[in-house]
Amino acid sequence: MIIDGAIAHDHIVIGAGICGLTAARHLHDAGHSVIVLDKGRGIGGRMATRRIGDAVFDHGAQFITTRSDWFRAVLSDCQRNAHATIWYGGTDEDPYPRWRGTLGMTSIPKYLSEGLDVRTSVQVTSVSYDNELWHVHCSDGNVMTANHCILTAPVAQSLALIDAGGVVLATDDRQALEDLTYERCFAVMATLAHPLSVRLDRPLAPAAPSPVALISDNYAKGVSPVPCLTIHSTPEFALHHWDNDRTETLKMLVAATHDVLRCDIIDATIHGWKFSRPERQHSAPYLAPQGHPGLVIAGDAFGGPRVEGAALSGLAAARSFSTH
Ligand SMILES: Cc1cc2nc3c(=O)[nH]c(=O)nc-3n(C[C@H](O)[C@H](O)[C@H](O)COP(=O)(O)OP(=O)(O)OC[C@H]3O[C@@H](n4cnc5c(N)ncnc54)[C@H](O)[C@@H]3O)c2cc1C
């Protein structure tokens, strides 16, 4: 067992999605020592941008909306620093701006992470409590300790980590967490031979019945230098086909897209989001399990099933530890 330094950190945040980064940013700016761990190679979680050859795909969240003044101010700051821009909306006919990252969705989490101690490719395997400290065990054998631990993975994954660490939750807390289930989604990343003949200046939702919920043109959006589409399945289609052969599923989604756009797809890959969006929202913006001081569980299942909801949950979680 390797202990990461003799002195415990103030806070360990598990997950470098928008929730975890917002929490870490707030705590860091309030003077606390914080580390953020994420199993992914990059940061951003479901605000994911992926490059395949020359094509650039936003393959998770497509755009960001704001309801709170606080998050509007966060995005305005990103915009002033050239990390976010309005994709569409914000006009008289369509008053709500849909924001995007300038180089893709991950531009925003990358900016929020500046100056933070974020460690990627670190898979946490369990979280336990001993000697008044939280111990975060990682797959490489490293163990990090902190006074406080904020879990921001999708709830089933956070629960698995505390179960593996022998943390016993009160029955009502456990039930509340188990109730927070998620929709699934397939994301197809399709490269086109030519730009679309129709200009998609916003996501297209094919008329029902279709296995496709949304088609987004990353080229027209301004994030890809070459024409390419992100295609999201409906949650019902994803649930039904989850265990089927992925090549067959990919073919079905490509065919359904071709029916709508008659486009020339030259290459396509599929990604399954097992935890796409929460199906319901917890009654509070985070959960601090009874009898476990210093432990907080947060994420979009607590703040609302959107980027803004996840960020608001991260802010509330951080504020539970900080007076700023
Ligand atoms: C296909 C799709 C389309 C969407 N479209 C939109 C949209 O258009 N607009 C919108 O507002 N929202 C959209 N959403 C929802 C939005 O992306 C999420 O609500 C938000 O990004 C969630 O942020 P989060 O920080 O709570 O979780 P996440 O982004 O999931 O972050 C959690 C992080 O925890 C990490 N993690 C998990 N387990 C471990 C572990 N054991 N060890 C270390 N790290 C771990 C993960 O790698 C991940 O980076 C969409 C989501 C999907 C999947």
Side-chain angles (χ1 to χ4, degrees), residues 12-24 35-49 57-67 71 75 87 96 98-101 105-106 108-109 112-113 118-127 136-140 142 144 149-162 164-165 180 182-189 202-203 205 213-214 216 221 230-235 238 271-278 281 285-286 297-315 317:
I12 295 177
V13 176
I14 300 173
I18 188 79
C19 175
L21 291 173
T22 301
I35 56 169
V36 185
L37 308 176
D38 200 293
K39 66 181 178 183
R41 269 190 297 148
I43 64 167
R46 280 171 275 165
M47 294 180 76
T49 305
F57 300 87
D58 277 337
H59 74 112
Q62 295 301 302
F63 55 77
I64 306 171
T65 48
T66 58
R67 297 177 188 183
F71 198 54
L75 289 182
W87 178 13
Y96 302 106
R98 278 35 157 240
W99 294 82
R100 66 170 174 86
M105 272 301 178
T106 45
I108 293 167
L112 294 179
S113 75
V118 182
R119 305 182 192 184
T120 52
S121 302
V122 177
Q123 168 104 35
V124 175
T125 51
S126 69
V127 171
V136 174
H137 304 250
C138 306
S139 60
D140 59 4
N142 206 353
M144 303 184 201
C149 182
I150 304 180
L151 297 160
T152 71
V155 175
Q157 296 179 335
S158 290
L159 253 180
L161 295 180
I162 53 183
L180 297 171
Y182 293 72
E183 292 177 346
R184 297 178 188 203
C185 176
F186 288 121
V188 171
M189 289 157 273
R202 60 193 62 200
L214 166 154
S216 190
K221 187 177 183 179
T230 299
I231 302 157
H232 283 165
S233 75
T234 63
H271 173 83
W273 290 103
K274 189 171 182 187
F275 303 101
S276 159
R277 294 184 210 227
Q281 187 179 339
Y286 61 87
I297 303 171
D300 59 349
F302 301 86
R306 290 174 303 282
V307 169
E308 182 185 34
L312 282 167
S313 174
L315 178 69

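Atoms within a ligand are numbered from 1 in the order they appear, just like the ligands themselves. Small disclaimer: the values here were computed from a predicted structure and weren't measured.
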Asker: Just checking H59 against W273, ring centres under 6.0 Å apart?
Answerer: yes
Asker: What part of T65, side chain from CB on, backbone N/CA/C/O, both or neither, has a heavy atom under 4.0 Å from ligand 1?
Answerer: neither
Asker: Specify the closest pair of heavy atoms between P109 and M105, including all atoms of both residues, with the distance to one decimal.
Answerer: CD-O, 3.2 Å
Asker: Do me a favour and list the nearest non-hydrogen protein atom to atom 47 (O) of ligand 1 with residue, atom name and distance?
Answerer: D38 OD1, 2.7 Å
Asker: Number the atoms of ligand 1 from 1 as they appear, then name those within less than 4.0 Å of a heavy atom of A310, with their elements.
Answerer: 22 (C), 23 (O), 24 (P), 26 (O)
Asker: Got a salt bridge between K221 and D58, using NZ or NE/NH1/NH2 to carboxylate O under 4.0 Å?
Answerer: yes
Asker: Side chain, backbone, both or neither: which part of E308 comes within less than 4.0 Å of ligand 1 when only heavy atoms are counted?
Answerer: neither
Asker: I'd like to know if A160 contacts ligand 1, where contact means a heavy-atom distance under 4.0 Å to any ligand atom.
Answerer: no
Asker: Can you tell me which residue and heavy atom of the protein come closest to atom 12 (N) of ligand 1, and the distance to 0.1 Å?
Answerer: V307 N, 3.5 Å
Asker: By number and element, which atoms of ligand 1 are closer than 4.0 Å to a non-hydrogen atom of G299?
Answerer: 26 (O)
Asker: To check you understand the geometry: which heavy-atom pair defines the closest contact between T22 and A311, and what is its length?
Answerer: CG2-O, 3.4 Å
Asker: Tell me if a side-chain donor or acceptor on T152 pairs with a main-chain N or O of I14 at a distance below 3.5 Å.
Answerer: yes
Asker: Purely on distance, is any nitrogen or oxygen of I18 under 3.5 Å from one on ligand 1?
Answerer: yes
Asker: Give me the residue, atom name and distance of the protein heavy atom closest to atom 50 (C) of ligand 1.
Answerer: A61 CA, 3.8 Å
Asker: Using a 3.5 Å distance criterion without hydrogens, assess whether the side chain of T120 forms a donor-acceptor pair with backbone atoms of D38.
Answerer: no
Asker: Closer than 4.0 angstrom: is that true for some heavy atom of T22 and an atom of ligand 1?
Answerer: no
Asker: At their closest point, which heavy atom of P305 faces which heavy atom of Q281, and how far apart are they?
Answerer: CD-OE1, 4.1 Å
Asker: In ligand 1, which numbered atoms sit nearer than 4.0 Å to a non-hydrogen atom of V122?
Answerer: 42 (N), 43 (C)
Asker: In terms of atom number and element, which parts of ligand 1 are under 4.0 angstrom from non-hydrogen atoms of G45?
Answerer: 29 (O), 48 (C), 49 (O)
Asker: Using distance alone, determine whether P154 and ligand 1 share an N or O pair under 3.5 Å.
Answerer: no
Asker: Using a 4.0 Å cut-off to any heavy atom of G17, which atoms of ligand 1 qualify?
Answerer: 25 (O), 29 (O), 31 (O)
Asker: Are any side-chain N or O atoms of S158 and backbone N or O atoms of A153, one a donor and one an acceptor, separated by less than 3.5 Å?
Answerer: yes
Asker: Can you list the atoms of ligand 1 that are under 4.0 Å from a heavy atom of Q62?
Answerer: 5 (N), 6 (C), 7 (C), 8 (O)
Asker: Who gets closest to atom 51 (C) of ligand 1 by heavy atom: S313, S276, A238?
Answerer: S276
Asker: Counting from 1, what ligand 1 atoms have a heavy atom of Q123 closer than 4.0 Å?
Answerer: 41 (N), 42 (N)
Asker: Would a distance-only check, ignoring hydrogens and angles, find a side-chain to backbone donor-acceptor pair under 3.5 Å from T106 to G44?
Answerer: no
Asker: Which atom names give the shortest non-hydrogen contact between C138 and L37, and what distance separates them?
Answerer: SG-CD1, 4.3 Å
Asker: Sub-3.5 Å donor-acceptor pair from the side chain of S313 to the main-chain atoms of G299, do we have one?
Answerer: yes
Asker: Looking at Y182 and V155, would you say the former's side chain and the latter's main chain have a donor-acceptor pair under 3.5 Å?
Answerer: yes
Asker: Give the residue, atom name and distance (to 0.1 Å) of the protein heavy atom nearest atom 43 (C) of ligand 1.
Answerer: K39 N, 3.1 Å
Asker: Work out which heavy atom in T65 is nearest to a heavy atom in R306; give both atom names and the distance.
Answerer: OG1-CD, 3.9 Å
Asker: Heavy-atom contacts under 4.0 Å between C185 and ligand 1: side chain, backbone, both, or neither?
Answerer: side chain
Asker: In ligand 1, which numbered atoms sit nearer than 4.0 Å to a non-hydrogen atom of C19?
Answerer: 24 (P), 25 (O), 26 (O)
Asker: Please determine if H59 has a nitrogen or oxygen closer than 3.5 Å to a nitrogen or oxygen of ligand 1.
Answerer: no
Asker: Is Q123 reaching over with its side chain to a backbone N or O of S121, donor-acceptor style, under 3.5 angstrom?
Answerer: no
Asker: If we only consider heavy atoms of A187, is any one of them less than 4.0 Å away from an atom in ligand 1?
Answerer: no
Asker: Counting non-hydrogen protein atoms only, what is the nearest one to atom 3 (C) of ligand 1? Give residue, atom name and distance.
Answerer: G60 O, 3.3 Å
Asker: Considering only protein heavy atoms, which is closest to atom 29 (O) of ligand 1, and at what distance to one decimal place?
Answerer: R46 N, 2.8 Å
Asker: To which protein heavy atom is atom 26 (O) of ligand 1 closest, and what is the distance rounded to 0.1 Å?
Answerer: D300 N, 3.2 Å
Asker: Determine yes or no for a side-chain-to-main-chain donor-acceptor pair under 3.5 angstrom, with R184 supplying the side chain and G272 the backbone.
Answerer: no
Asker: Among protein heavy atoms, which lies nearest atom 41 (N) of ligand 1, and at what distance?
Answerer: V124 O, 3.0 Å
Asker: Nearest 0.5 Å, what's the CG-CD1 distance between L315 and I18?
Answerer: 11.0 Å
Asker: Look at atom 9 (N) of ligand 1 and find which of W273, F302, F63, F186 reaches it with the closest heavy atom.
Answerer: F63
